[in-house]
Chemist: 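One structure follows; several queries about it will come next.
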Amino acid sequence: MKERLDLGRAVREALPAYEASSSLQAWALEEARKFDLQSLPQPEPLSHPLRSRGWRLSHWPIAASLVIAVAAGWGAGVLWPGSRITSVTNATTSELVDAHVRSLLPGHLVDVESSDRHTVKPWFAGKTDIAPTVIDLSDKGFPLLGGRLDYVNGHTAAVLTYRRRGHTINLFIWRTSPDEPSDGSFAVRGYSLLHWSTAGLGLWAVSDAALSELEAFQRAYMQ
Amino acid sequence: MSHVGEQVEVGHVGSPGVGRFERVVLPHLSAGFTLAMYLTGNKADAEDAVQEAILRAVRYFSTLRDEDARAWFLTIVRRVCFTAYRTDRPQGTDMMSIDAAGPQLVDHRDQPDVAAERMQVQQRVRAAVDQLPPLLRETVVLRELQSCSYAEVAAVTEVPIGTVMSRLSRARARLAVLLNDVVDFGDVA
């Protein structure tokens, strides 16, 4: 017995529409809100007195905390780190942050899960053309979680993953290229990045931890 | 230089820029996931593709000009699927299993044998759509399942409207052959 069906009806009746899983939805919502927060419109100039005043009032606490933080920084004899953070949105830093965020999704963090450097280091052999230094830094407060491979802005990267007080630090390592950005620290979409080069390798530490934590991590790793 | 100006301009379209990406793009997350499911054929790749698409969408949000955010987001999902995931895998391998395909539309007022027959027809239609080449399959899914206009399908698949129409008619002809014994396509068969 034949049924007379047009294509549209046959397809609509037979094919399910899928719903994104709740974890995917939650992750996307978080990304969206993070992005939307950053793209808040700049306060308009004085032509709108009421809005302008509202903005100033609402920003008083931030301004006050900045003053306090700077004062505290001077008091402690350290430089205010903000002066060294250049907000750069070039391709490398942006892709590094993407790769970092992606790594935090379930099942994406490490390909080889081990705190044993003798397991992680050989794992990279044959998968990359570099032999990164793999050390567990548990005794310095940065336990090694494992390693994985990633592909960032044209680089095949060896990635070492460390933990710092509930924060994940991804250390991306690749062979430096002529256009390698110079060493420094960056703030991109709320994440901190610290970049340095050594022995022909470019290293990028990426985390949502504070930049000072990344600097402590850098010291520990390079010792 | 002009990019900066454009970004600012776009940021001010409509009312406040606050929550704009969330409001404009996120409602189409499941549409994107559905397209990715039909293009990659499995849930893990589809989820990865949608995640990647969201990251790209955030980065290129300033390029969204008009209000058709669905077509814009689906275009990104499709590009990710075609570049990052194999959508050209041989027919029949690693396709969605029937079990994973979700609940079926069964009218419980039907007699059991009628319901069973309808179910069988639906399974055949699904298998036939899975067998279509990716370019025909996506056209069918966008047009018939997601009710996109011809113009939207053309925008998402990045071809002229005429190509969309010819793909639809080729898809229809192939389905008519594959489903010859269960579905009467009338004008085509």
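These numbers were taken from a predicted model, which means no experiment stands behind them. In the text below, chain A, chain B and the rest are named by the order of the sequence lines, each starting its count at 1.
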Chemist: Locate the shortest heavy-atom distance separating S30(B) from A20(A); write the atom from each residue and the value.
Modeler: OG-N, 3.0 Å
Chemist: Report the C-alpha separation of E52(B) and R102(A) in whole Å, then their side-chain angles, then the decisive distance to 0.1 Å, and conclude whether the salt bridge (Lys or Arg N to Asp or Glu O under 4.0 Å) test is met.
Modeler: CA-CA 8 Å; E52(B) 181 65 32; R102(A) 210 163 32 229; 2.7 Å; yes
Chemist: Could you tell me which non-hydrogen atom of V129(B) sits nearest to which non-hydrogen atom of V11(A), and how far apart they are?
Modeler: CG2-CG2, 4.4 Å
Chemist: Counting neighbours of CZ on R79(B) that are heavy atoms of other residues, nucleotides or ligands and sit closer than 6.0 Å, is the number greater than 12?
Modeler: no
Chemist: What is the minimum heavy-atom distance between E22(B) and D36(A), and which atoms define it?
Modeler: N-OD2, 2.8 Å
Chemist: Look up atom CG in L26(B) and atom CD in E31(A), then write down how far apart they are to the nearest 0.5 Å.
Modeler: 10.0 Å
Chemist: What pair of heavy atoms forms the shortest contact from E47(B) to S21(A), and how long is it?
Modeler: OE2-OG, 2.7 Å
Chemist: Can a donor-acceptor pair be found, under 3.5 Å and without considering hydrogens, that links the side chain of T34(B) to the backbone of A17(A)?
Modeler: no
Chemist: To the nearest 0.5 Å, tell me how far L24(A) CG sits from K43(B) NZ.
Modeler: 9.0 Å
Chemist: What residue in L35(B), V58(B), V50(B), V25(B) has the most heavy-atom pairs under 4.5 Å with chain A?
Modeler: V58(B)
Chemist: Please round to the nearest 0.5 Å and tell me the distance separating atom CZ of F21(B) and atom CZ of F35(A).
Modeler: 7.0 Å
Chemist: Under 3.5 Å, is there a donor-acceptor pair between the side chain of R12(A) and the main chain of L145(B)?
Modeler: no
Chemist: Might you point out which heavy atoms bring P16(A) and Y38(B) nearest each other, and give the distance in Å?
Modeler: O-OH, 2.6 Å
Chemist: How many angstroms lie between CH2 in W27(A) and CG in L29(B), if you round to the nearest 0.5 Å?
Modeler: 9.0 Å
Chemist: What's the shortest heavy-atom distance between V125(B) and A10(A), and which atoms?
Modeler: CG1-O, 3.8 Å
